[in-house]
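Heads up: the structure comes next, in structure tokens.
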Amino acid sequence: MSAATQLPPAPVAAAPAADVGEGAGRRGWTGYLLLLPGALWLTLFFIVPTVSLVSTSLYDPSGSLATGYSMTGHWQNYTQAISDYSPQILRSFVYALIATVACVLLGFPLAYAIAFKAGRWKNLMLVAVVAPFFTSFLVRTLAWQYILGDNEALVSLLRKVHVLGADGYLLDTPFAVVTGLTYNFLPFMVLPLYASLEKLDPRLLEAGADLYASPVAVFRRVTLPLAMPGLVAGTLLTFIPASGDFINSELLGNPRTRMVGNEIQDLFAAGDYPTASSLSITLMAAIVVLVLLYVRRAGTEELL
Amino acid sequence: MSDDLTLTSVTKTFGSFTAVDDLDLTVPQGSFFALLGPSGCGKTTTLRMVAGLEEPSAGTITLGERDITRLKPYRRPVNTVFQSYALFPHLTIEQNVAFGLHRQGRKKVDAEVARMLELVELGGMGGRRPAQLSGGQQQRVALARALINEPDVLLLDEPLGALDLKLRRQMQIELKRIQVEVGLTFVHVTHDQEEAMTMADTVAVMNQGRIEQMGAPEDLYEAPATTFVANFLGQSNLVPGKVVRGDAEVLELDVEGTRLTADVARARVRDGAVWVGVRPEKVYLSHAGEEAGDDDNRLHDGIVSDVSFVGVSTQYLVRMPWGQELTVFEQNTGSRDRFRPDDKVDLHWRADHTFLLDASQDATAGVDRVGE
Ligand SMILES: Nc1ncnc2c1ncn2[C@@H]1O[C@H](COP(=O)(O)OP(=O)(O)OP(=O)(O)O)[C@@H](O)[C@H]1O
Ligand SMILES: [Mg+2]
């Protein structure tokens, strides 16, 4: 653009001006046209539902599906939801956090291995990471019910080596819920991390070593900072859906592992739309605040 | 303290391919050592083994008394200016340059970094990222980043390749000055023979994973040991001949029926078939049969086949009676005759400028790589 403004004035003044105008106009329209499908999509499936959710959250709770709701701007729905369900909200974030950390600890070495050490197995390993998506989320989580089951091999083994007591169990515990979350969201951590590490030039690692950096220092000073965009993306893609998840708690947990997702699900099922909506909005707002704080901390504002 | 860098029988193979082949090399401490050779001859691989980034398949590398063959790169007092720069994209120029000092536990480095950036003429650019610099500027950052550590050995892999001629000359002088001043050992890899010869105390010419010849630039130029060196370093005329008689100092040769003489000092072989070599600028022309000084060696009856005027000199191609074309560079002093195509000429040079090489070597080895 700046090059164009530095061009010497054209000999005929009027003609170029018209040209420029037309060119700029066409370019402008193309931009808007390209935006259109996305904008329509967002309006239809994000803005409209969000507006509807927000307004539902302010309905008078005395109504019901059968009798209809009246819009009274009943903000007390929020205080009610927060005071009734803050343990579940907190628990959701704690579980999501543990699962996210576990995903980083499992996913980073895996992504690193795929990017740098896999050689000709690289594509196969990537397919293996994505392969679970070929079956449904629900079925995979049900499979964990079996894996962690009281009479199955894993529990028997852990009992035998005294990691678990003689009547110890895994299923229906917080451990099982977090394990399920970790398992289900691991690919969302591995893929962005892999994309970042794949771009990392191994010669930079050599340069680090040449400049007196031990392997640990190379990791901390070179690998990690350059993998940061992938790490941030991965943690967001893991933490956000994990905080709102209810399947894992439903299938692998017990009544004391209920997460906010389970409560929202039940409230909607019970027809208490105003409370369910205000709880959803609260969760959404809390996540947005946490994500903003996190991204600022991680120093990757470019992502926003 | 003699901390010479010594490579003993170092070999590096990649699968079945031998990149560096039984290499012996001694780089005296504090010297400026140039490694010169065509693309793919194993220069970078050699440097990487010295830096510890590649482990030799065989042989040992020592620095002074210390065997560093298997020492981790970050424990070696060796730094590299990489051919690809390898600057850290997430760090500023200052942070890049300070990286080595920080890793060695040094805290207050700002002044040193600023001084080093001044030295490579990048003062005021310290806050930028590598991506915001030109190729030549990045190269200078790479130089500063290695140099600031004042390592025992600095490895430079074509560190000036991306610079324009003026800056290149300037940096050559600067590099040489720094090297002399701080007394570091520099191992400088380059394609550029002029750069190698002007900067280095010792030049090693490498070919296909081996050292062809090593020595002072003048020695390599005036008395090449192989046809490859004769052709790769400057240009040479190589004429087939035979030693017919010789004593302790002078050898008598037969070249296509003409008697020539050569000093034993520059003879790699002393009997039998030889390549008789002479540098083009050592030769001058006279009209055929004309009496011209008392130069010892003279080849008769050439025909000028091509003349190109290049300013400081004129380059002639002369076709000899046996069909070979020889090259002659004449200085344009203005006091010498100019010759035109088809002129009949004799070629003269001093006997002690003649060198003799093993006739079993390929006379065109290293030729087509000249000027690369
Ligand atoms: N990791 C590797 N695997 C296989 N072959 C390699 C490897 N590294 C280098 N080679 C081969 O070894 C030979 C020497 O390579 P090297 O990089 O040392 O050349 P060079 O002399 O530095 O060339 P240039 O002047 O072009 O930089 C080349 O033929 C190259 O293809
Ligand atoms: Mg190289």
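Within every chain, numbering begins at 1; the chains are lettered A, B, ... in the order of the sequence lines, protein sequences first and strands thereafter. This one's a predicted model, so the numbers in the text were calculated from it and none came from an experiment. What you see below is based on every heavy atom in this structure, not just the backbone, and it leaves out hydrogens, waters and symmetry mates.
- Of the listed residues (B:Gly52, B:Ala146, B:Ser84, B:Pro151), the one with the most heavy-atom contacts under 4.5 Å to chain A is B:Ser84.
- Among B:Thr80, B:Leu53, B:Asn79, B:Asn149, the residue making the largest number of heavy-atom pairs under 4.5 Å with chain A is B:Asn79.
- Residue B:Phe82 touches chain A through its side chain alone, counting heavy-atom pairs closer than 4.5 Å.
- Between A:Glu206 and B:Arg48 the shortest side-chain heavy-atom distance falls below 4.5 Å.
- No more than 12 heavy atoms of other residues, nucleotides or ligands shown are found within 6.0 angstrom of CZ on A:Arg220.
- In this structure, B:Ala86 and A:Ala207 approach most closely via the heavy-atom pair O-CB, 3.7 Å.
- Side chains of A:Val218 and B:Tyr74 form no contact here, defined as non-hydrogen atoms less than 4.5 Å apart.
- In this structure, the separation between CG on A:Leu226 and CG on B:Leu91 is 8.0 Å, given to the nearest 0.5 Å.
- The candidate with the highest count of non-hydrogen atom pairs below 4.5 Å against chain A, out of B:Pro77, B:Ala142, B:Ala51, B:Pro73, is B:Pro73.
- For chain B, the nearby part of A:Ala217 is the side chain; its heavy atoms alone come within less than 4.5 Å.
- Within a 6.0 Å sphere centred on CZ of A:Phe46, other residues, nucleotides and ligands contribute 12 heavy atoms or fewer.
- When all heavy atoms of A:Ala213 and B:Phe99 are compared, the closest pair comes out as CB-CE2, 4.0 Å.
- Looking only at side-chain heavy atoms (C-beta outward), A:Arg221 and B:Arg103 come within less than 4.5 Å of each other.
- Residue A:Asp201 does not touch chain B at all, counting heavy-atom pairs closer than 4.5 Å.
- With rounding to the nearest 0.5 Å, the separation of CG in A:Leu200 from NE2 in B:His90 is 9.0 Å.
- Only the backbone of B:Leu87 comes within contact range of chain A, with heavy atoms under 4.5 Å apart.
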